Every structure is written in C-alpha cells, then in structure tokens.
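Inspection log for the structure reproduced underneath, given as structure tokens.
Throughout, numbering of the chain's residues begins at 1 and tracks the sequence. Please read all numbers here as calculations on a predicted model, not as lab measurements.
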Amino acid sequence: MNTDNSVNDNHDNKAKEMGRKLLESTSLVPTFLRSALSSQASGWVDFAVGFVIFNWVFNHHLSWLSTAIGVVAGGIVNCILCYKFTFRADDVPWKAVVVKYALVWLGNLILNSGGTELVYLLLGKLKFLEEMGFKPAGYYTAARLFMSLMVSWFWNFVLQRNWVYRPSKFDPAAVRFMTRLLTFFGVRQHPDGSDQN
C-alpha cells in the first residue's frame with residue numbers, strides 16, 4: 001500500500017511540476033498557450049458585455065455601440081491578463097504597456113478589417129467555389145476566420161511577446177504620453193508616478 005501512495009505522490013509531484021512550468025515558463029509554447037487562454041477569456045468578456053449592453057441597457061438598439069463597448073471591455077481584460085498572467089511584465093511600466101497595447105490593437109483592427117475585405121474579394125473571384133455551393137456569407141466567414149487567426153498569431157502574439165510586454169526604448173515616451181493624457185483628464189499623479197483618483 002505504501003508503494004501505491006508513493007507512486008501517486010510521484011505522479012502528483014510530476015503533474016504539479018508540469019503545471020508550474022506551464023504557468024511560469026517564458027519559452028514559446030507555454031507563453032503561446034497562456035496567450036490563447038487570455039485571448040479566450042477576453043473574448044468571452046467582449047461577447048458577454050456586448051450582449052448585456054445590447055439586451056438590457058440599449059433595449060435591442062445600437063448594436064454597433066454595444067459591440068464597441070464589448071470590444072473595449074475585452075481589450076482591457078486582455079491587456080491586464082497579458083500583463084499579469086501571460087507575459088508577467090512587472091518590469092515594464094503599465095503606462096508604457098497601455099500605449100504599446102493600443103498601437104498593436106489599432107494595427108490589429110486595420111489588418112483584420114482590410115485583410116478580411118481583401119481575402120473576401122479574392123475568394124469571390126474563385127468561380128469554382130461558387131460552383132461548389134459557396135455563398136458570400138461563406139466567403140466572409142472563411143475570410144474573417146483566416147485573417148483573425150493570421151493576425152492573432154503573426155501580429156498580436158509576436159508584437160505582444162517581443163515589444164508590448166518587454167522593456168523598450170519607446171517606453172519613456174509612452175509613459176510621458178500617458179502621464180499627460182491622464183493629467184488632461186484630471187487624474188492626479190503621485191510623486192512616485194502612480195495614479196490616484
């Protein structure tokens with residue numbers, strides 16, 4: 001019976017060690033998995049907030065504004081999760097992270113919108129797809145999914161891992177910009193640079 005307990009303890013220890021490595025490793029695969037988890041969580045926040053706002057705040061009106069509010073809420077959650085959980089960027093000032101994240105997010109918006117339109121138009125030119133039964137909604141869905149994955153992997157993840165959540169020469173300028181922006185909106189600064197309401 002003791003051998004069974006020691007085998008179970010050994011398996012438990014290995015599982016805990018593997019979990020710890022997955023949560024703490026800075027290598028590519030564990031970081032990518034944490035990024036996917038953060039992205040999924042923020043996607044659910046985006047959807048839930050947009051749904052609640054559309055149904056109960058705007059009473060089935062202003063779908064575009066409900067969606068925009070959801071997207072912003074999801075983006076905030078994603079930025080925080082990536083800062084604290086995915087990339088553990090405690091050595092990067094949060095003000096710099098906010099500015100860099102916003103720039104990457106803006107690029108994400110442009111690439112997804114423009115890329116989806118381009119791929120949609122290209123798919124529409126492939127007559128054999130229409131002969132197979134594809135319709136414009138199918139083209140859009142395929143284009144949207146393709147661009148979403150490409151931008152997520154090759155834009156968002158790469159820039160977040162290598163720039164947004166890492167110290168860079170851009171950080172001091174980003175901190176100055178955020179400090180001025182917060183001052184403009186009346187958020188007072190502590191002498192140590194932290195904010196107070």
Inset, instruction - Flag the pair V92 / Y165 as yes when at least one side-chain heavy-atom distance between them is below 4.5 Å, and no otherwise. - result: no

Inset, instruction - Give the minimum heavy-atom separation between L123 and A143, together with the two atoms involved. - result: CD1-N, 4.2 Å

Inset, instruction - Kindly give the heavy-atom pair with the smallest separation between W155 and V104, and that separation in Å. - result: NE1-O, 3.0 Å

Inset, instruction - Report the distance from atom CG of N156 to atom CG of N112, rounding to the nearest 0.5 Å. - result: 7.5 Å

Inset, instruction - May I ask you to decide if T179's main-chain N or O and K95's side chain share a donor-acceptor pair within less than 3.5 Å? - result: no

Legend entry - Linked, directly or transitively: V49 and W44 (ILVMFWY side chains, under 4.5 Å): no

Inset, instruction - Check whether more than 12 heavy atoms from other residues, nucleotides or ligands sit under 6.0 Å from atom CZ of F85, and answer yes or no. - result: yes

Inset, instruction - Enter the distance from S148:OG to W153:CH2 here, rounded to the nearest 0.5 Å. - result: 9.5 Å

Inset, instruction - Considering non-hydrogen atoms only, spot the tightest contact between L62 and F54 and give its length. - result: C-CD1, 4.4 Å

Inset, instruction - Give the ring-plane orientation class for F47 versus F51, where under 30° counts as parallel, over 60° as perpendicular and anything between as tilted. - result: parallel

Inset, instruction - Evaluate side-chain contact (heavy atoms from CB on, under 4.5 Å) for S39 paired with N78, printing each intermediate quantity in order. - result: CA-CA 6 Å; S39 181; N78 185 260; 4.3 Å; yes

Legend entry - Y139 to L126 - nearest heavy-atom pair and separation: OH-O, 4.4 Å

Inset, instruction - Enter the distance from S38:OG to K84:NZ here, rounded to the nearest 0.5 Å. - result: 13.5 Å

Inset, instruction - Please work out which of the three classes, parallel, tilted or perpendicular, describes the rings of F32 and F157, given edges at 30° and 60°. - result: perpendicular

Inset, instruction - Using the rule that two of Ile, Leu, Val, Met, Phe, Trp, Tyr join whenever any of their side-chain heavy atoms come within less than 4.5 Å, decide whether V151 and W163 are in one cluster. - result: yes

Inset, instruction - Report the distance from atom OH of Y140 to atom CD of E117, rounding to the nearest 0.5 Å. - result: 10.0 Å

Inset, instruction - Starting from the C-alpha separation in whole Å, work towards a yes-or-no answer on side-chain contact (heavy atoms from CB on, under 4.5 Å) for F170 and V99. - result: CA-CA 10 Å; F170 180 71; V99 172; 3.9 Å; yes

Inset, instruction - Would you indicate whether the side-chain heavy atoms of Y83 and Y101 approach each other to under 4.5 Å? - result: no

Legend entry - Y120 side chain near P136 side chain, heavy-atom distance below 4.5 Å: yes

Legend entry - Distance in Å, L111 CG paired with F154 CZ, rounded so as to fall on 0.5 Å steps: 13.0 Å

Inset, instruction - Check the hydrophobic clustering (I, L, V, M, F, W, Y; side-chain heavy atoms under 4.5 Å; chains of links allowed) and say if V29 and V158 are grouped together. - result: no

Inset, instruction - Over all heavy atoms of both residues, which pair between V175 and P93 is shortest? Give the atoms and the distance, please. - result: CG2-CB, 3.8 Å

Inset, instruction - State yes or no: do I80 and V72 share one hydrophobic cluster built from I, L, V, M, F, W and Y residues joined by side-chain heavy-atom distances below 4.5 Å, directly or via other members? - result: yes

Legend entry - Contact check, side chains of K100 and L159, non-hydrogen atoms, under 4.5 Å: no

Inset, instruction - Determine the minimum heavy-atom distance between T86 and R34, stating which atoms define it. - result: O-NH2, 2.8 Å

Legend entry - Euclidean distance, M178 CE relative to Q189 CD, rounded to 0.5 Å: 9.0 Å

Inset, instruction - Group every Ile, Leu, Val, Met, Phe, Trp and Tyr by side-chain heavy-atom contacts under 4.5 Å, then state whether L37 and L23 land in the same group. - result: yes

Legend entry - Contact check, side chains of R161 and L28, non-hydrogen atoms, under 4.5 Å: yes

Inset, instruction - Take atom NE2 of H60 as the centre, draw a 6.0 Å sphere, and report whether it contains more than 12 heavy atoms from other residues, nucleotides or ligands. - result: yes

